Each structure stands twice: as C-alpha cells, then as structure tokens.
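All of these numbers come straight from a predicted model, not from anything done at the bench.
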Amino acid sequence: MKKYFLMTLSLCLSLAVSAKVELPQFFQSGMVVQRGKKVPVWGKADAGQRVTIRFNKFQTVAVADANGRFRADLPAMKAGGPFTLMVDDVVFTNVMVGDVWLFSGQSNVDVTIERVYPQYVEEIDAFNLPDVRLFRVQNATNTHAPQDDISPSSISWRPLTKQNAWLFSALGSFYGKRMFEKTGVAQGIIVNSWGGTPIEAWISADSLQHDYPMYIEKTQFYQSDDYVAAQSRANQLADQRWNQLLDQLDPGVKGNYAALDLDDSSWTPVDQFSLEWAKNANGRGIVGSIWLRQHIHIDKAQAAMPARLYLGTLFDADITYVNGQQVGRTYYQYPPRRYDIPEGLLREGDNVITIRFINKYGIAHFIPEKPYCIAFGPDRFRLPDSKSSNLKSTWLHYPGASMPPCPSGDVSLQNLPTTLYNAVVHPLAPFAISGVVWYQGESNTSHPQPYADLLRKMMGNWRTLWQQPKLPFCIVQLANHDGRQQTGNPSPLTPQLQPVNSGWAQLREAQRTVAVSDPHAELAVAIDLGEPVDIHPLRKKEVAERVGLCMDRLVFGKKVELSPQPLKAEVMGQQVVITFDQTLLAGEQPEFEVAGADRKFRNAPATSRNREVTIESPIAAPVYVRYAWKDNPNAKLLSAKQLPASPFEMSINH
C-alpha cells in the first residue's frame, strides 16, 4: 500500500511539473501591453492542457494544441494599471496597459544614453519615469528557420531612470519620455537592433526568395553549424595570436613608452591630423601599433579636481595612458573616447598623455571636428567648452610594431539575409504593438538601388507576421554624413560643391518614396541632425521628437505638419517651379540641381517663398530636378515651423 501511494504521489508530482506553462521571454513583471487592441497571450504547455489566463478583471481559457502551443486574446482595454497577469500558476506583477513601440534597425538605434549624455546632462540626470518601461532584445542569429522565442539574455522590462537607460537606446528613451508626457499613459519601448546590419537580414526567406534568390543562396552556405563554429573558433585564435605577437614585437610594451619619466626627446613631433605618421615607407597604412605622447601642464587647482580626458574619436583601437597609468581602452573606431582620470593621478606641473594606436587595417587617425581636451570639476561630463584644458594638435611620435594583416574568415551571421528575422523578429509576434520605428540604411548605401523594394517587402512581411495590415511605420531618413569617410581610409572633408551621384542620397530617396506611397507610413527627416565626420550623430532627442510627430499623425490622427514634401515641379518660361505641401521659410536655397534627358545635373540658383521654390534653370529643357543630393548636403530649406525639407528627386511637368 505504501509503495502504491508513493508511486501515485510521484506520478502526480511528475504531472504537475510537466503541466507548467512556458511563456515567451518578454512576458515579465513590469511589462507594458498595448491599449485599445486585443492582447495576445501565448506559450507552450502539454498537448491538450487547458490554460487559464487572468488579467484586469478578464479571464479566458486556451487549450494547447497537439504541439503544445496555446494562444488566447484578451479583449482591448483602456490604459491603466498596474495589474497582475496570471497564466495558470505563472504570475507577472506590475503590468501596465499603455502604448508599445518597436524600435529596430542598426547602430543609430543602438546609440546609448551614455553616448549622448553630454548633449542633455540636466534632462538625463532627471530621468525618473516609472511608467516608461524599457526592454532590450538580446542580439541573436539563426540561419536555419524562424524561432519561437528570443534569447533569455534579453534585458528585462525596466523603468526609465538614468541608471536603467545608461546603456539603452537614446532614441528609444527620449521617445518614451516624449510620448508619456504627451499622452499620460504608460509607454513600452522594445529595442531590437544591431549595428552594421543590412535590411535583408531583417526580412523573411519567403519574402526574398522570388525576387532575390541570390540572398537565399548566400545564407545556405552558413547553415552548417559545424562550419560556423570552426570558422568562429579559428578567427578567435587568429585574433589572440595576432595580439600576442603584437605585444611581443612592440618595443613600447617592453620599454614602457607610457611612463611619465620616459626620455622622449628623440621622438618626432607630428600633427595629429596629418596621416603621414600612420603610413609606412610605401605610403600605406601601418598595420600594427603606433605610439603618441603629449606633455600637458596642469596647475595646482586643476590637479586637485576630478578630470575627464576627451580624445574625440580615433581609428581604430587605442589604449590610452595618463602619467603611465592606463585610463581607457576602446576596441574599434566609433565610440567617443571619454576617459575618466582617477583622482590624484594628475599632478601640478608636467603630465603626459600617451596613446597606443592598434590597427589591423586602414590608416590610424584622429577624427577631426571632435573635442580633444581635459575637462575638470563637476562640469567635466558636459560637452567641453573654453574652460577645458585643450590639447595641442602636435604629438610626439614613435613607431611600435609592424604586423601582417590578421587572417580571418567572415562569419558575421547578423549581416546575412533572413538571420535576424529568424532569431529576433519572428519571436516577437504577435505581441501587440502600436507602431514600428525603423532607423536603418547606412549599411545599404553602397548598393542602394533595391532598397525601396526591400523596404516595402520588409514592411509587408512584418505586417503579415503581426496580422496588422495597417501596422504604422515611421521611417527615419538617414542623417547628413560624409560617406567618403570609408572605414580605415580617411578622406578630406572638402565640401561637395558640384553634383554627385550619392549613394546616401539615393537611399534617402528610397526611404522617402516608400513613406510617401504608403498610407500607414511616415518619414522622419534628419538631414540637419547629422555630423559629417560621425556616422552616429548625437542629437537623438531631436530625432525622437520628429518620430513622435510622425506617430502623432499616424497613430493618433493628429493634424500635425511634418517635413515639407514636394507635390509637383513645372516649367514656367526659363524657370522651374516646385510646389510643396506647406508653407516654406522664404530665402535663397542652395543644393538644387536640374538636368535634361541626359541626366547630367547642374547646380541651379533657387529661392523659396510661400509654398513654392523657384529655380532659375541653367539649361533650356530641364527634365529632372533634385534637392540636397549629396552625402552631406548644405540643406537649408525649412518649413514655416522650422522642419527641414526632405531631399528628393522628381520629374518636371511640361
């Protein structure tokens, strides 16, 4: 009898364990669910199991199918909370009903609050919005098939505070704050982005295979997990060996070139913005290491204050020392070098800053138009000003080690077609969302021709996945940036004064035409918010405001004016007149060009007034007109409300 009882108890416990439901990773306490729409709740249980779901006075039951999958849709609700969501014995507390937004794309979505902090010190210091919740999807790839769930390493729902947002998307943070202040309801910000990724990585295989079979073929090669693992391991070993050899061969490591008392009288003075110190005898960039030192005088008051070293942006990697002590290290070019100097390290009188550049390719260099200084005291986290101790542009130079290129085989799966759709997009649906913010395109500027078609496919793909044919999309147009700054190969930033066939301009036009032709999409223009020398401009709050205006119109039906868009272009005598959808600020307007049937564009003087731009045509029979058609145009055309007009190209009516 006792044996029978124990067997029965064991069976009951086994059934109880097996009956526990599993929900997707982003179902967590503190989450936000979408107001005004049915709220899907889904997961896994035993086949045939009845799953009871309770939330905000509502209760429903779902039955798991033969594969153990269940789903139930809670009814649309008004904003409110906090509530408790119970799915059988799984309990999620502090759940709000509000608006949920999905931010996706590449690195300009990723740019963190930490990166932009000097732009918005007071506002970020005051971040404390418990009803704005942040969720970061962990990066993952899959070359095989769409997945059911995201990685458990994803960052859980957290309220918007300075600490929680520090390494979170600045664009998403500012947008959540803006929308909460406008609506008064909880905001859920889901960030799902990956720097450097092309648009095709975010699209499903079945959306690509008909028109872009070459993309599918490219992915198939990497569907061998054994090959990918072996190549990744080989790359890791090659990188480790390269760095070991570099340290062994670099005389500066053995000779401690960072030491404060090093005799550097034989070092060669060089200008930091000259590239000659970073080239070998053949005129090519030095692969390996280079040492630079600069002496700086610190007075007694400065030596007693906490300090931060600003070294702009460097290519590619660096290890930086102050008075012989390492204060910072960055492994690639894009992050700004902002290195805190420990208190007591600086001394009155002579101090030495040492940079060890490490380059595996390209030409080591300082990025111009960035701050190079030491900032002191409580204001050291702000953008440096005239009170900072500016560094000289002259450094003392000494060669390090010359190395062969580091061997590698590319297994950047995140850049392959469909891999991100499979791993981090498909698992998010059908979680109810209010809209999508798409900020991507930099990685497609070298081949912009198919971008408009790919963007339409992606939007249709995601709308089908979410079963929302009218799912709103705000497309953030690429900001101004000098695309001639090829990675590892710096080029002079002289203005482009004559017409050029810019890949950046072509991609912006693809973004514009898709947005204009889609009744459920809008364009957030950022042509005035970029930086010529930095592909990651810092003015993310202003971008968030423009995204908010787009969603005000798309989602909430507000009558707001967005960036001016051209409606038509007509020939009137010797002039071309372009009519816009709203009133413009009056004045002379650079960056207009016209062309005949041969598409050879020429600069043309233009003037804006009321809703029109009048162009004096330099050719007799203009057929095409375009505006701001450069990587980094001098775009001045504004609406009466100070919003920039989008770059565009269009045919002229005769």
Side-chain angles (χ1 to χ4, degrees), residues 26-35 56 77-85 92-103 108-138 154-193 306 308 336 338 340 375 377-383 433-435 437 439 474 529 536 538-549 551-552 555-556:
F26 50 90
F27 278 85
Q28 299 177 6
S29 293
M31 66 191 293
V32 180
V33 298
Q34 180 61 45
R35 63 169 167 161
N56 188 18
M77 291 169 269
K78 295 181 180 180
F83 302 113
T84 297
L85 171 63
F92 304 108
T93 60
N94 191 23
V95 178
M96 302 296 294
V97 180
D99 294 325
V100 182
W101 311 92
L102 175 59
F103 283 71
N108 270 300
V109 179
D110 284 337
V111 169
T112 62
I113 283 293
E114 183 274 334
R115 181 83 67 91
V116 307
Y117 179 67
Q119 293 277 142
Y120 314 102
V121 172
E122 288 85 0
E123 184 167 358
I124 294 172
D125 282 346
F127 274 180
N128 186 22
L129 293 172
D131 287 343
V132 178
R133 312 285 175 84
L134 314 175
F135 185 93
R136 181 63 167 90
V137 177
Q138 175 64 37
S154 299
I155 298 176
S156 59
W157 294 93
R158 299 176 180 179
L160 176 58
T161 65
K162 178 182 176 181
Q163 180 179 4
N164 290 340
W166 195 242
L167 297 180
F168 191 80
S169 165
L171 177 60
S173 298
F174 283 121
Y175 179 83
K177 179 176 182 289
R178 187 256 189 204
M179 298 306 284
F180 176 76
E181 291 172 347
K182 294 288 184 180
T183 65
V185 307
Q187 302 292 310
I189 306 297
I190 300 173
V191 169
N192 186 22
S193 53
R308 170 172 269 207
R338 303 170 185 158
D340 290 318
D379 291 337
R380 65 191 182 280
F381 298 108
R382 300 176 183 274
L383 288 175
I433 57 177
S434 194
V437 179
Y439 192 169
C474 173
L529 298 178
H536 303 118
L538 300 182
R539 296 173 64 188
K540 291 297 186 279
K541 178 184 177 182
E542 290 82 348
V543 177
E545 174 60 28
R546 293 178 190 177
V547 171
L549 289 173
M551 291 305 188
D552 286 347
V555 177
F556 302 109

Begin with the C-alpha distance, continue with both residues' side-chain angles, and end with the deciding distance and a verdict on side chain to side chain contact (heavy atoms under 4.5 Å, CB included) for Asn108 and His536.
CA-CA 6 Å; Asn108 270 300; His536 303 118; 4.0 Å; yes
Could you go through the side chain to side chain contact (heavy atoms under 4.5 Å, CB included) check for Asp125 and Lys162 one step at a time?
CA-CA 6 Å; Asp125 282 346; Lys162 178 182 176 181; 2.8 Å; yes
Rounded to the nearest 0.5 Å, what's the gap from CZ on Arg35 to CG on Asp99? Could you check?
4.0 Å
Report the residue from Ile124, Val547, Leu160 that forms a side-chain contact (heavy atoms from CB on, under 4.5 Å) with Phe174.
Ile124
Please examine the side chains of Phe27 and Leu85, heavy atoms only from C-beta on, and report whether any two atoms are closer than 4.5 Å.
yes
For Glu114, what residues pass the side-chain contact (heavy atoms from CB on, under 4.5 Å) criterion, not counting sequence neighbours?
Thr112, Trp166, Leu167, Arg338
Minimum heavy-atom distance between Cys474 and Met551, given as atom pair plus value:
CB-CE, 3.7 Å
On a heavy-atom basis, the closest approach of Val95 and Phe92 is CG2-O, 3.7 Å
Short side-chain to backbone donor-acceptor contact, Tyr175 and Ile189, under 3.5 Å:
no
Nearest 0.5 Å, what's the CZ-CE distance between Phe135 and Met31?
9.0 Å
Does the side chain to side chain contact (heavy atoms under 4.5 Å, CB included) test come out yes or no for Arg178 and Leu549, once each step is laid out?
CA-CA 10 Å; Arg178 187 256 189 204; Leu549 289 173; 3.7 Å; yes
Check whether any side-chain N or O of Trp101 sits under 3.5 Å from a backbone N or O of Ser434 as a donor-acceptor pair, and report yes or no.
no
Say whether, by atom type as modelled, one donor and one acceptor occur between the side chain of Arg136 and the main chain of Ser193 under 3.5 angstrom.
yes
Mind listing the closest non-hydrogen atom pair of Gly98 and Val32 along with its distance?
N-CG1, 3.8 Å
Flag the pair Arg115 and Asp110 as a salt bridge only when some basic side-chain nitrogen lies within less than 4.0 angstrom of an acidic carboxylate oxygen.
no
For Tyr120 and Leu538, which heavy atoms make the closest approach, and how far apart are they?
OH-O, 3.6 Å
Return yes if some donor-acceptor pair links the side-chain N/O of Asn164 with the main-chain N/O of Pro159 below 3.5 Å, else return no.
yes
Would you check, one step at a time, whether the test side chain to side chain contact (heavy atoms under 4.5 Å, CB included) holds for Val109 with Ser169?
CA-CA 6 Å; Val109 179; Ser169 165; 4.2 Å; yes
So which heavy atom on Asp340 is nearest to which on Phe381, and how close?
OD1-CE2, 3.9 Å
Sequence neighbours excluded, which residues qualify as side-chain hydrogen bond (donor to acceptor under 3.5 Å, both in side chains) partners of Arg546?
Asp528
Determine the minimum heavy-atom distance between Gly188 and Trp157, stating which atoms define it.
CA-CZ3, 3.8 Å
Counting only N and O atoms by type, is there a donor-acceptor contact under 3.5 Å from the side chain of Gln187 to the main-chain atoms of Val132?
no
Identify whether the distance between the nearest side-chain nitrogen and carboxylate oxygen of Glu545 and Arg539 falls below 4.0 Å.
no
Distance in Å, Thr93 OG1 paired with Gln28 CD, rounded so as to fall on 0.5 Å steps
11.0 Å
Spatial distance of atom CZ (Phe103) from atom CG (Leu171) [nearest 0.5 Å]
5.0 Å
When rounded to the nearest 0.5 Å, the distance separating CG of Asp131 from CZ of Arg133 is 5.5 Å
Heavy atoms, side chains only, cut-off 4.5 Å: are Val137 and Ile190 in contact?
yes
Can you tell me how far apart CE (Met96) and CG (Asn56) are? Round to the nearest 0.5 Å.
10.5 Å
